[in-house]
Amino acid sequence: MGRWPGIAAIVVAMLTSLGLASAQTEFPTKPVHIFVPYAAGGGVDILARTLGDVVSRQWGQTVVVENRPGAGGVVASQALIQAPPDGYALIVVASGHATNPFLYPKIPYDTFRDFTPISLLASSPNILLVRADSPFKNLSDVIAEAKAKPGSLSFAHAGTGTSTHLAGELLKVLAKIDIEAIPYKGGAPAINDLLGGQIPLSFNNGPESVGQIEAGTVRALAVTTAGRASFLPDVPSMSETVPGYDTEVWWGLIGPAGMPRDLVEKISRDFVAALKTDAVKERLAKLGASPIGSTPQAFDAKIHADYDKWGPIIQAAGIKAE
């Protein structure tokens, strides 16, 4: 008789395991929420909504995009780690996810232990923008003005430690100029102030810039990648004026820690499939972003690589979140 409790426990465990496997296979059975750490209208928001529309049709379930801006993505990331690891709460992060530990001394989570990388989704160059009527016609004009009047110029960016912030800091270092970095809660608000004349320069990513460039309201002075961007072939790269300059922004999908491996792989496959659809590829091309769609393992390696690359630069520059 003593064996029966043990046998019963094994049977219960097997049935529970089968039930979980079945639930994961059927995922999702209710709406999935995707957090966006920045304001509506920015690059992360556009990408999340574009993919969410396609994936929701694949799943037959609503994908709800929730904008939770603040602290360079920390606010949304903290909300995610409090969610159950069942795939119904996810987040689309930008490159700053890898660098936040260097910016926030009391960050309320561990960048590696508290999250599950799912897929590296896409990348884009950042772009240095001015208003259409700006006196600056090219990057050389900006550098000349900054050297003639140190500290007189400022640039907008999507938040302390974001890729657009680091793009400006890299320009300051390599061009040996003094311009002030002004943080915003996302790229869209930064462009709004650029258009309003409150700030002379703004670093923004492709998805939030292309529409304004095509409308003629802003002018692109340079892209931040080493070579010119295919969607802006007439716009010089930074490296043509500042040798050695090269950086980009990437976006990826992440879940809370503890997600079952088969569930992670399913969600990854579904988003990679969405990135391969003509609708998404055409949308991203128009926005100046290149689809990637990696495995969870490759995305994890990318986060670690950027952590190792940018950490020493941020520390040497003394950049801290306010």
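Side-chain atoms are counted along with the backbone in the values below, which use heavy atoms only and exclude waters and symmetry mates.
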Can we say [X] and [Y] salt-bridge, meaning some charged N sits less than 4.0 Å from an Asp/Glu carboxylate O?
X      : Y      : result
Lys266 : Asp270 : yes
Glu145 : Lys149 : yes
Arg228 : Glu240 : yes

Restricting to non-hydrogen atoms, name the atom on [X] and the atom on [Y] that form the minimum distance, rounded to 0.1 Å.
X      : Y      : answer
Val130 : Phe136 : CG2-O, 3.9 Å
Val264 : Pro117 : CG1-O, 3.9 Å
Val36  : Ala48  : CG2-CB, 3.6 Å
Ala158 : Thr164 : N-OG1, 3.0 Å
Ser154 : Ile199 : OG-CG1, 3.5 Å
Ser294 : Ala298 : CB-CB, 3.9 Å

Heavy-atom side-chain proximity of [X] to [Y] below 4.5 angstrom:
X      : Y      : result
Trp251 : Ser119 : no
Leu195 : Gln212 : yes
Leu166 : Trp310 : yes
Ile313 : Gln315 : no
Asp86  : Phe27  : no
Leu253 : Phe299 : no
Gln78  : Pro108 : yes
Ile292 : Ser123 : yes

Could you tell me whether a side-chain N or O of [X] sits under 3.5 Å from a main-chain N or O of [Y], the two making a donor and an acceptor?
X      : Y      : answer
Lys185 : Gly159 : no
Thr225 : Gly227 : yes
Arg131 : Val218 : no
Lys320 : Phe102 : yes
Ser239 : Ala226 : yes
Asp300 : Pro296 : no
Thr111 : Ala98  : no
Ser124 : Gly288 : yes
Ser56  : Asp53  : yes
Arg68  : Ala79  : no

Do the side chains of [X] and [Y] join up, straight or via other hydrophobic residues, at under 4.5 Å, putting them in one cluster?
X      : Y      : result
Leu121 : Trp59  : yes
Ile254 : Val272 : no
Val235 : Leu201 : no
Val210 : Leu194 : yes
Val74  : Tyr307 : yes

Determine whether the aromatic ring centres of residues Phe155 and His157 are separated by less than 6.0 angstrom.
yes
Can you tell me how far the [atom1] atom of [X] sits from the [atom2] atom of [Y], to the nearest 0.5 Å?
X      : Y      : atom1 : atom2 : result
Lys281 : Lys276 : NZ    : NZ    : 9.0 Å
Leu171 : Thr247 : CG    : OG1   : 11.5 Å
Ile127 : Met238 : CD1   : CE    : 10.0 Å
Thr116 : Met259 : OG1   : CE    : 6.0 Å
Leu275 : Leu51  : CG    : CG    : 5.0 Å
Thr99  : His165 : OG1   : NE2   : 10.0 Å

Evaluation steps, side chain to side chain donor-acceptor pair (under 3.5 Å), between Asn204 and Asn126:
CA-CA 5 Å; Asn204 291 83; Asn126 286 308; over 6 Å; no
Using a 6.0 Å distance limit plus a 45 degree cone around the ring axis, check whether Lys30 lies over the aromatic ring of Tyr88.
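Yes, Lys30 lies over the aromatic ring of Tyr88.
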Quick check: are there more than 12 heavy atoms from other residues, nucleotides or ligands sitting under 6.0 Å from NZ of Lys302?
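It does: Lys302 NZ has more than 12 such atoms within range.
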Greater than 12 external heavy atoms within 6.0 Å of Lys137's NZ:
yes
Taking His97 as the fixed residue, which of Tyr38, Phe115, Tyr104 is the one that meets the ring pair (Phe, Tyr, Trp, His ring centres under 6.0 Å) rule?
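Running ring pair (Phe, Tyr, Trp, His ring centres under 6.0 Å) over Tyr38, Phe115, Tyr104 with His97 returns exactly one hit, Phe115.
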